[in-house]
Amino acid sequence: MESTIAEIEVQRYEAYMNSGVSWVKEIPAHWELKKGKWLFQKQDRPVRASDDIVTCFRDGQVTLRINRKTEGFTNALKEHGYQGIRKGDLVIHAMDAFAGAIGVSDSDGKATPVYAACVPRISGSVNPYFFAYLLRNMAKTGFIESLAKGIRERSTDFRYSDFGELELTCPPLEEQTTIVDFLDRKTAQIDQAIAQKKRLIEQLQERRQILIQRGVTRGLNPDVPMKDSGMDWIGQIPAHWEVKKLKYVVKILKRIANATGIDVLSITQRGVKVKDINSGEGQIALDYSKYQLVFRGEFAMNHMDLLTGYVDISNFDGVVSPDYRVFTLTNSKFDKHYLLRLFQLCYKCRVFYAYGQGVSQLGRWRFPAENFNDFIIPQPPHGEQQEIADAIDKIELASDKSINQAELQIKKLREYKSILINAAVTGKIKVC
DNA sequence: CAGTTAATCACAATAACCAG
DNA sequence: CTGGTTATTGTGATTAACTG
């Protein structure tokens, strides 16, 4: 933590004193500690006819709801107790303050009664943006949550009255503004760097997908002569490849266990995993004896929902839901790992989706056995299948490495950002 | 009664369970 | 096999139930 702070040119204030409050040990000697209520006053404004709803998000942005998103909200039948919000108000969201829902509004509008709209007690005497940074920092460090009186998870109820009793670090006004400007600048830089890393990850994932797709459907040699495949989802394939219906390649199995005590497997989007049925998590079946057997090396597929389902080769002996599809390779001219890549591609690129059936395309879109059996796949020579599968393994390994690295960098940037904000608003560092 | 506090809703995503 | 349903989580709200 200290070493991360050292990355910026650390400048300390000349003198410090004990703060006397629990959440910060010492503060610059010329700063003051003031209760929230001496600095800010709660406003109770009537709602105007033209007001739109202002929302305070957990990242601290306080803006018209429609600026961020328009869906996923319900509208009140009668906006009982609603209040006016004005641009520049320090807004505290009593329910979600513990998670950082505190900020300065960038718009005029109205909000629900769980919001507190605060203005400086003496106009122009404090910079609300400084205190928004400070309070969000107190949320991030868990201090606001520690004040909770209620029992349920979101009961923190950090209301104006609680805010009013807090002793807040209060630098001179010019310093508040200097700190705000500094943090605005720095956090914008950090956010930009994070956005860049996120784009990089997207690009890596996209590129990986393209390479996998190319390998599976066209092979590794780009110069090989091509022919029409007759499969609408591929188009052309190498001229020396063949095609086969799945029923000549794999066989669907259904072996009901009629016994319990066997490991229950779950088919997740990260592969087949052993499910912990004693943890109380997820859905639990009344009767596991009707589950079907899966042996190591066999395929298991969630064909119940072509949107959220997936397919994998099991690394475990166990049982899965009888609603799932277990099948095994029966054609010695095919390589298991090439097939798996092909199937997984068909999920990710919504190829199977086109062959689905059901009442709802959202959540209930199945892949009927008949369509599965008649599904036509490319058949490269066996040795080439192995080469393709090996090449894809390598691609995946390399891109995983880059993606993990970028994710780690994002994590570090986020940490750095909160450490920086913490240091600036509590006077651990002097900014200029 | 108004203002708080507790409970509940909505919606999306994931991974299924169950009855006929 | 088909159609209907569910548990859980996160994050934005709304609304019912208390309390003085």
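Naming: A, B, ... by sequence-line order, numbering from 1 per chain. The basis for the numbers below is simple: all heavy atoms, side chains too, and nothing from hydrogens, waters or symmetry mates. Source: prediction; values computed, not measured.
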Between [X] and [N], is there a contact of a side-chain N or O with OP1 or OP2 at under 4.0 Å?
X	N	answer
Arg58(A)	dG12(C)	yes
Thr112(A)	dA13(C)	no
Thr268(A)	dT14(B)	no
His93(A)	dA13(C)	yes
Tyr310(A)	dA15(B)	no

From [options], pick the nucleotide closest to the side chain of [X]?
X	options	value
Tyr291(A)	dT4(B), dC17(B), dA16(B)	dC17(B)
Tyr288(A)	dT5(B), dC17(B), dA15(B)	dC17(B)
Thr308(A)	dA15(B), dT4(B), dG3(C)	dA15(B)
Tyr82(A)	dT5(B), dT14(C), dT14(B)	dT14(C)
Ala285(A)	dT2(C), dT14(C), dC18(B)	dC18(B)

Residue met sooner reading DNA chain B from 5', once Arg270(A) and Asp323(A) are mapped to nucleotides: Arg270(A)
Most 5' of Leu286(A) and Asn302(A) on DNA chain B, judged by nearest nucleotide: Asn302(A)
Residue closer to the 5' end of DNA chain C, Pro113(A) versus Asp59(A) (nearest nucleotide): Asp59(A)
Touch class at under 4.0 angstrom, heavy-atom based, for Tyr160(A) against every strand present: nothing
Sugar-phosphate only, base, or nothing, as touched by Phe367(A) at under 4.0 Å among non-hydrogen atoms: nothing
Just the rounded figure in Å: distance from [atom2] of [N] to [atom1] of [X].
X	N	atom1	atom2	answer
Met95(A)	dT4(B)	CE	P	15 Å
Arg366(A)	dC17(B)	CZ	P	12 Å
Ile284(A)	dA7(C)	CD1	P	11 Å
Leu64(A)	dG12(C)	CG	P	16 Å
Met301(A)	dT14(B)	CE	P	17 Å
His80(A)	dA2(B)	NE2	C1'	7 Å
Leu306(A)	dA16(B)	CG	C1'	15 Å
Tyr347(A)	dA13(B)	OH	P	18 Å

Please state whether the rings of [X] and [Y] are parallel, tilted or perpendicular, taking 30° and 60° as the class boundaries.
X	Y	value
Phe131(A)	Phe40(A)	perpendicular
Phe343(A)	Phe372(A)	tilted
Tyr347(A)	Tyr310(A)	perpendicular

Hydrogens and angles aside, do [X] and [Y] bring a side-chain donor and acceptor to less than 3.5 Å of each other?
X	Y	answer
Ser289(A)	Asn258(A)	no
Lys428(A)	Asn422(A)	yes
Thr308(A)	Asp305(A)	yes

Asp96(A), Ile92(A), Leu134(A) screened by side-chain contact (heavy atoms from CB on, under 4.5 Å) with Ile102(A), the one that passes: Ile92(A)
Relative orientation of the end axes in the helix from dC1(B)-dG20(C) to dG20(B)-dC1(C), expressed as an angle to the nearest 10° (five pairs per end): 60°
Cation-pi check, Arg414(A) onto Tyr416(A) ring (under 6.0 Å, within 45° of axis): no
